[in-house]
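Step one of this worksheet: look at the structure below.
The chains referred to below are lettered A, B, ... by the order of the sequence lines, with proteins before strands, and numbering in each begins at 1.
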Number of protein chains: 2
Amino acid sequence: MEQRAAYLDRLIDVSAGDTGVAQALGGHREWRVRHRDDGIPALGRNQESRAPAQATGYEAFTACMGPRTLRRRLQSGENLYRSGDSLKSFYAVRSGCFKSLIADAEGREQVSGFFMGGDVLGTDGLATGRYASSAIALEDSTVDVVHCTTVERAAREHPVLQRRLLALVASETLKANGTLMLLGSLRARERLAAFLLNLSQRLRQNGESASDLRLRMTRDEIGSYLGLQIETVSRLFSAFRAQGLIDVHKKDVCILDFRGLEKVLRVRGRRQA
Amino acid sequence: MEQRAAYLDRLIDVSAGDTGVAQALGGHREWRVRHRDDGIPALGRNQESRAPAQATGYEAFTACMGPRTLRRRLQSGENLYRSGDSLKSFYAVRSGCFKSLIADAEGREQVSGFFMGGDVLGTDGLATGRYASSAIALEDSTVDVVHCTTVERAAREHPVLQRRLLALVASETLKANGTLMLLGSLRARERLAAFLLNLSQRLRQNGESASDLRLRMTRDEIGSYLGLQIETVSRLFSAFRAQGLIDVHKKDVCILDFRGLEKVLRVRGRRQA
DNA sequence: CGATACTTTGAAGTATCTCAATCCTTGTGG
DNA sequence: CCACAAGGATTGAGATACTTCAAAGTATCG
């Protein structure tokens, strides 16, 4: 499941004329890129499917990486980092899947996100210099490790990278806000529908099937993420199957009716505002 | 309610030796500062009460501001910016109070946060170049306007500022994650208790009373933020009063029993994990 | 002073949780 | 190969926290 490696072949042309933060950050503008010839093998597909407006800033990291990028393999269940560890590196998920956990003062834990190929982990450590969440592999996984001083240096030297970095960090807020919306104003069935559609979309962006998903997380973890009990999640899976929206066998989910799932989101919102 | 102006008199000494991102970002290190003598009047108290570890990065902005900083006044209900507007500036709240609104594809809106003196608004625009949320004044308010090119330039020239900026943007994620925790694993009474305690703490950091709060937002807005109906919020206020935890008269809340409120958070969490 | 917006309280409904039992899958050791 | 344990998933039945609907109270403002 090696993916997104096409970005390794790219380096943003830092000599591009740049004047305003807003313009450059938008990603709406075409970046002038040049081929990178530093010995990094061109793994993976050469897909251009990822929409620029949706870019997570992954490129900003791969662009910083030297020819001998540190790579780390993790087994399922292994911690990539723990909440409270001091920030040393950022991690670009290369293969596999992670969950991030946050905890409150009383020790309650909650899944705050799932990270798959192309996602970047660790940026929340920038706020205080210590990671605010823990990242745990949900299956055997690989990450590219980028030391934060490397990023720091690259960002300082190349304004464009600085912007990409800021965009990346800010996009974490956006993601969190999306989840916030999920928890704050959707009911259980809407949350699960949104979750499945989101997952499907991200897999498609990674060049995988949008309809046949293999869930890497347990029902419990889905429930924690969606603010629901495990039984509720299970019941909803069954209900969706009964309605012909999906097909489920344990962790294998097949989306049969995209329109129907989207309709779950449209029909009957909790608050009418 | 002019506050936090003490920061205007400070400018981070950019010549300070800086080597690692982690160290500098933490805010745990003492910053070498020098007095700024550029004609900015020293308004407000000279309080040093804000804990360094809690710093939101407000200083990073005030430090970028030139002697003739643009200031903007807003009336209650006025939009500071709207979701979709292209990012032009960041805003440091000087006086007053704001709410931020996010909306999903179906048009459902939700309050995603409240911003008071010392908070910075607009950073979520960094992700795409357009604000992802709307900011609306809850009372007559004043903000310092910092054009993003100004910040960009300052960050590029002064590595320390760059870090502070990154820390600020990342801290938005932390805030959102906190809210996420609230919505995902706390029950209604716990959410309101957490909300009140958080508000109290922030007011204290601004040098205001920690026990006598004047809520700037309506029950509806609190409900939207906490993922609750307005009636539930109202009932909980009444319940807290009946228990002697607080005193409420409309928007005036007096916290009578901090220990009791904190106990609401400790006792009986929803999930035992 | 009436209109409007916000708040409070009650009563009934229901979505979701909680408790409990069963089932399935996988791995382990006899 | 089978028995058994352990972790996860499913399903049912009852409890309840929160919503929804409804009505009335109270500020605020032109």
message = Does a side-chain N or O of B/Arg191 approach OP1 or OP2 of D/dA17 to a distance below 4.0 Å, or not?
response = no

Here the distance between atom P of C/dA5 and atom CG of B/Leu215, to the nearest Å, is 21 Å

Across all chains, not counting sequence neighbours, the side-chain hydrogen bond (donor to acceptor under 3.5 Å, both in side chains) partners of A/Asp104 are A/Arg108

note: A/Leu236, atom CG; D/dG12, atom P; distance rounded to Å ~ 14 Å

note: B/Phe237, atom CZ; D/dG25, atom C1'; distance rounded to Å ~ 18 Å

Taken in chain and number order and not counting sequence neighbours, the residues that satisfy side chain to side chain contact (heavy atoms under 4.5 Å, CB included) with A/Ser238 are A/Arg241

Please determine if B/Glu106 and A/Arg266 form a salt bridge, counting it only when a charged side-chain N lies under 4.0 Å from a carboxylate O.
no

Here the distance between atom C1' of C/dT18 and atom CG of A/Leu228, to the nearest Å, is 14 Å

Whole-Å distance, A/Arg216 CZ to D/dG8 P, equals 18 Å

Using a cut-off of under 3.5 Å, enumerate the N/O to N/O pairs linking the protein to nucleotides 10-12 of chain C.
{"from": "C/dG10", "atom 1": "N7", "to": "B/Arg235", "atom 2": "NH1", "distance (Å)": "2.8"}
{"from": "C/dG10", "atom 1": "O6", "to": "B/Arg235", "atom 2": "NH2", "distance (Å)": "3.3"}
{"from": "C/dA11", "atom 1": "N6", "to": "B/Arg235", "atom 2": "NH2", "distance (Å)": "3.4"}

A/Leu226 atom CG is separated from C/dA15 atom C1', nearest whole Å, by 16 Å

Between A/Phe258 and the options A/Leu261, A/Ile255, A/Leu256, the side chain to side chain contact (heavy atoms under 4.5 Å, CB included) test singles out A/Ile255

Across all chains, not counting sequence neighbours, the side-chain hydrogen bond (donor to acceptor under 3.5 Å, both in side chains) partners of B/Ser141 are none

Paired with B/Asp144, the salt bridge (charged side-chain N to carboxylate O under 4.0 Å, His left out) test is passed by just one of B/Arg73, B/Arg71, B/Arg72, namely B/Arg71

Residue set satisfying side chain to side chain contact (heavy atoms under 4.5 Å, CB included) with B/Ala132, at least two apart, ordered chain then number -> A/Leu174, B/Asp124

Applying side-chain hydrogen bond (donor to acceptor under 3.5 Å, both in side chains) to B/Lys175 and not counting sequence neighbours gives none

Residue pairs meeting side chain to side chain donor-acceptor pair (under 3.5 Å), one or both in residues 76-85 of chain A, sequence neighbours left out, come to none

B/Tyr131 meets the side-chain hydrogen bond (donor to acceptor under 3.5 Å, both in side chains) criterion, sequence neighbours left out, with none

So the side chain to side chain donor-acceptor pair (under 3.5 Å) pairs with at least one residue in residues 242-256 of chain A (sequence neighbours excluded) are A/Arg189-A/Gln243, A/Arg214-A/Asp252

task: Name the nucleic acid region contacted by A/Ser234, choosing base, sugar-phosphate or nothing; use a 4.0 angstrom heavy-atom cut-off, strictly under.
output: base

To the nearest angstrom, the CZ-P distance between A/Arg189 and C/dT14 comes to 16 Å

Review point. Would you say A/Ser238 reaches D/dT11's phosphate, i.e. side-chain N/O to OP1/OP2 under 4.0 Å?
Key: yes

Rounded to 10°, the angle between the first-five-pair and last-five-pair axes of the helix from C/dC1-D/dG30 to C/dG30-D/dC1 is 30°

TODO: Could you tell me whether the phosphate oxygens of C/dT16, OP1 or OP2, come under 4.0 Å of any side-chain nitrogen or oxygen in A/Thr232?
DONE: no

Residues in residues 244-256 of chain B with a heavy atom under 4.0 Å of DNA chain C, by number, are B/Lys250, B/Lys251

Those residues at least two apart in sequence (or on a different chain) that pass side chain to side chain contact (heavy atoms under 4.5 Å, CB included) with B/Arg219 are B/Leu215, B/Ile230, B/Val233, B/Phe237, B/Val248

From CD1 of B/Ile230 across to P of D/dC21 the rounded distance in Å is 14 Å

